[in-house]
Amino acid sequence: MEIAVFAEQPPPGGVLTGMPIHAPFRKPFRAALAALCLAVTAPALTAPAPATAGLLDNVLSGDESALGAQEHPKILAQFGGAVKDARLQGYVEQLGRKLASTTARAREPWTFTVLDSDVVNAFAVPGGYVYVTRGLLALAKDEAEVAGVLAHEIGHVTARHSAQRQTRQTIAGILAAGVGLVFGNDTLAQLAGLGGTAVVASYSREQELEADQLGVETLRRAGYDPFAMATFLETLRRDSQYGGLRAGNKGEGGFDFFASHPATEERVRRAAELARAIPQGGARPRDPYLAAVDGMVYGDSPENGYVRDRTFAHPQLGIAFTVPKGYSLLNGAEQVIAKGQNGAAMAFDGGSAAGVSDPASFLTGVWGKGANLSNLQRITIGGMPAATATTRGEAEGESADIRLVAIRMPDGRMYRFTFLAPAGNLARFDTDFQATANSFHQLTAQEAARYRPRRVQVATVQPGDSVEGFVRRMPQEPYAEELFRIINDLPPGTPLQAGQRVKVIVGE
């Protein structure tokens, strides 16, 4: 993460400003505000985009390769960059090129990237740029399932689905995570673009099913079991249920980025039907896949800090805060987002305050310059000077209540919380907002030392080993048995067999 400089800028249309003027430590605030506005369910609030183009913020026309090359570094910035694991990146790149070589675009350039994100996601943009997160790779059973993910995204590229969505309105709809094989809960569609998790496409039902068909055909041509796509879609369905279980809401609320795709049950059925129409057979190699993911970071990376239950902690920066019960945290590459119930949302970011040391002056003269701020207060948070104020953001006649909090660290860095509530509902959520801000504190060395990255570890089942025994190796994971069975494709009640290789999540 890099530190941003918050510079004074005139507010467009009266909307809050104070944008980083170069590479952000956390996502530029105006973009963060626009993203958060999508999470305010009633009414919605939007905000103008920064002067510099955002992700897929241009009309998708002209040369596709040039567009892909233009967006590639922005996507890397949003997702925390490519993984630093050369073995994992090389494995996916080699597999992707093998699949692409069987298509009509075999001679065109392709770029396959593993993103350093735990969000379960895969997507593609024009020009042959295909992305898959390590969060998704952790769920696969074997190489054929990874190939199915990549083949599906290759199908979107070869069918030019992204290039067909060319209006500004459609581009806004692209910002919803989970382009490739994901699915989900329609009530969460408004979370598009949050926390650097999205550069996705809201494909139509027909486009998504066409990509499935093209993907199955690509699997066959490359020599893989065409049923791999159907089996992985089923794993994604189970993982979505697990996410809801962890959130304690049976899949409602929280962060589910599978909102813009056809129901998984339909896609599993269709993918299986397509596979049955193809001569049976095909490879399901497991060892190369397990070798690639063995030791891979699982969950948050050290560079982005850690989400542990309702707490975000960044040992390298020495900071932490906690959100109240009922809020779900998402740690993006450039900001931290929290979503509550009934439209409440939060964003956290920070950086260098361009020489402004007083939080109140920063809030009124830099961050909120030109905005109609109310209730400005100088406060102390965690022994550090801070300031807070409220305002209302408006666009196209709709609005949301906003609380802003700025906190200055002893080294001069400025951190800020943006809290949003549906218009007229600030009082309803303000206790939660203020509790979150007041929980911000500096980590002691002892506290920071408690946080370590979790990793995927491949183990061989020995005689007498049981699921319960492996689950005991994962005490840090909520609902550990459910997770263990999902990542190893073990249906409930299925025992282990001696000699079987399984994935275990280890670490603090």
Side-chain angles (χ1 to χ4, degrees), residues 1-4 20 23-27 77 79-81 83-85 116-119 134-135 138 195-197 246 255 295-325 327-338 346-353 357 359 379-386 405-418 434-457 473-478 480 504-508:
M1 296 181 186
E2 299 182 37
I3 296 297
F25 152 65
R26 287 286 182 196
K27 190 174 184 180
F79 281 84
V83 295
K84 298 178 177 63
D85 186 334
D116 189 17
S117 171
D118 64 329
V119 173
R134 55 177 172 76
T197 61
R246 288 189 56 175
F255 284 101
M296 178 181 72
V297 172
Y298 180 87
D300 297 314
S301 66
E303 291 79 10
N304 289 337
Y306 303 95
V307 169
R308 295 290 187 263
D309 193 18
R310 293 182 291 110
T311 294
F312 169 75
H314 200 309
Q316 294 181 6
L317 297 176
I319 58 173
F321 66 86
T322 301
V323 298
K325 291 182 179 179
Y327 287 80
S328 299
L329 274 170
L330 175 70
N331 182 17
E334 297 174 336
Q335 67 182 171
V336 181
I337 295 290
M346 313 175 185
F348 171 80
D349 67 355
S352 171
S357 60
I379 57 178
T380 300
I381 293 178
M384 295 170 283
V405 178
I407 307 166
R408 183 175 65 81
M409 295 281 283
D411 62 4
R413 285 176 294 167
M414 197 76 72
Y415 288 97
R416 26 181 217 185
F417 287 94
T418 308
Q434 295 188 48
T436 300
N438 287 328
S439 73
F440 180 86
H441 65 281
Q442 298 183 75
L443 290 172
T444 66
Q446 184 178 9
E447 289 174 325
R450 297 173 187 166
Y451 294 94
R452 294 288 186 273
R454 302 196 288 265
R455 296 184 182 273
V456 175
Q457 183 182 83
R473 302 185 193 181
M474 300 166 50
Q476 73 285 353
E477 302 297 335
V504 186
I505 308 302
V506 298
E508 297 298 327

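All heavy atoms count here, side chains included; hydrogens, waters and symmetry mates do not. No experiment lies behind these values; they were computed from the predicted model shown.
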Output for pair (L329 CG, T311 OG1), nearest 0.5 Å, gives 7.5 Å
Side-chain contact test, heavy atoms from C-beta onward, threshold under 4.5 Å: evaluate it for R134 versus D118 and give yes or no.
-> yes
Begin from the C-alpha positions of R452 and Q476 and carry the test side chain to side chain contact (heavy atoms under 4.5 Å, CB included) through to its verdict.
-> CA-CA 11 Å; R452 294 288 186 273; Q476 73 285 353; over 6 Å; no
Main-chain N/O of A406 paired with R416 side-chain donor or acceptor, under 3.5 Å | no
Can you name the side-chain contact (heavy atoms from CB on, under 4.5 Å) partners of R310, sequence neighbours left out?
-> T322, V323, K325
Is there a side chain to side chain contact (heavy atoms under 4.5 Å, CB included) between K84 and S301 once you walk through the steps?
-> CA-CA 11 Å; K84 298 178 177 63; S301 66; over 6 Å; no
To the nearest 0.5 Å, how far apart are CE in M384 and CZ in R413?
-> 10.0 Å
Rounded to the nearest 0.5 Å, the OH atom of Y306 sits from the CZ atom of R450 at a distance of 14.5 Å
Start with the C-alpha distance between I319 and L443, add both sets of side-chain angles, then the distance that settles side chain to side chain contact (heavy atoms under 4.5 Å, CB included), and finish with yes or no.
-> CA-CA 5 Å; I319 58 173; L443 290 172; 5.8 Å; no
Check ring-ring contact (aromatic ring centres under 6.0 Å, His included) between Y298 and all other residues, then give those that pass, not counting sequence neighbours.
-> none
With sequence neighbours left out, write down each residue that passes side-chain contact (heavy atoms from CB on, under 4.5 Å) with A386, or none if nothing qualifies.
-> I379, I381, I407
Rounded to the nearest 0.5 angstrom, the CD1-CD distance for I505 and Q457 is 9.5 Å
Where the side chain of R408 meets the backbone of S357, is there a donor-acceptor pair that is under 3.5 Å apart?
-> yes
Heavy-atom pair with the smallest gap, counting every atom of P324 and M346 = CD-CE, 4.2 Å
Listed partners of D309 passing side-chain contact (heavy atoms from CB on, under 4.5 Å), at least two apart | none
D300 meets the salt bridge (charged side-chain N to carboxylate O under 4.0 Å, His left out) criterion, sequence neighbours left out, with none
Pairwise distance CZ(R454) to CE(M296) - rounded to 0.5 angstrom = 12.5 Å
Name the orientation class of the two ring planes belonging to F348 and Y415 (parallel below 30°, tilted from 30 to 60°, perpendicular beyond 60°).
-> parallel
Mind telling me whether F321 and F312 have parallel, tilted or perpendicular rings, with 30° and 60° as the class edges?
-> tilted
Could you grab the distance from atom CD of Q442 to atom CD of E447, nearest 0.5 Å is fine?
-> 10.5 Å
Mind running side chain to side chain contact (heavy atoms under 4.5 Å, CB included) on F440 and M409 for me, showing each step along the way?
-> CA-CA 11 Å; F440 180 86; M409 295 281 283; 3.9 Å; yes
Non-neighbouring partners of Y327 that pass side-chain hydrogen bond (donor to acceptor under 3.5 Å, both in side chains), sequence neighbours left out | D432
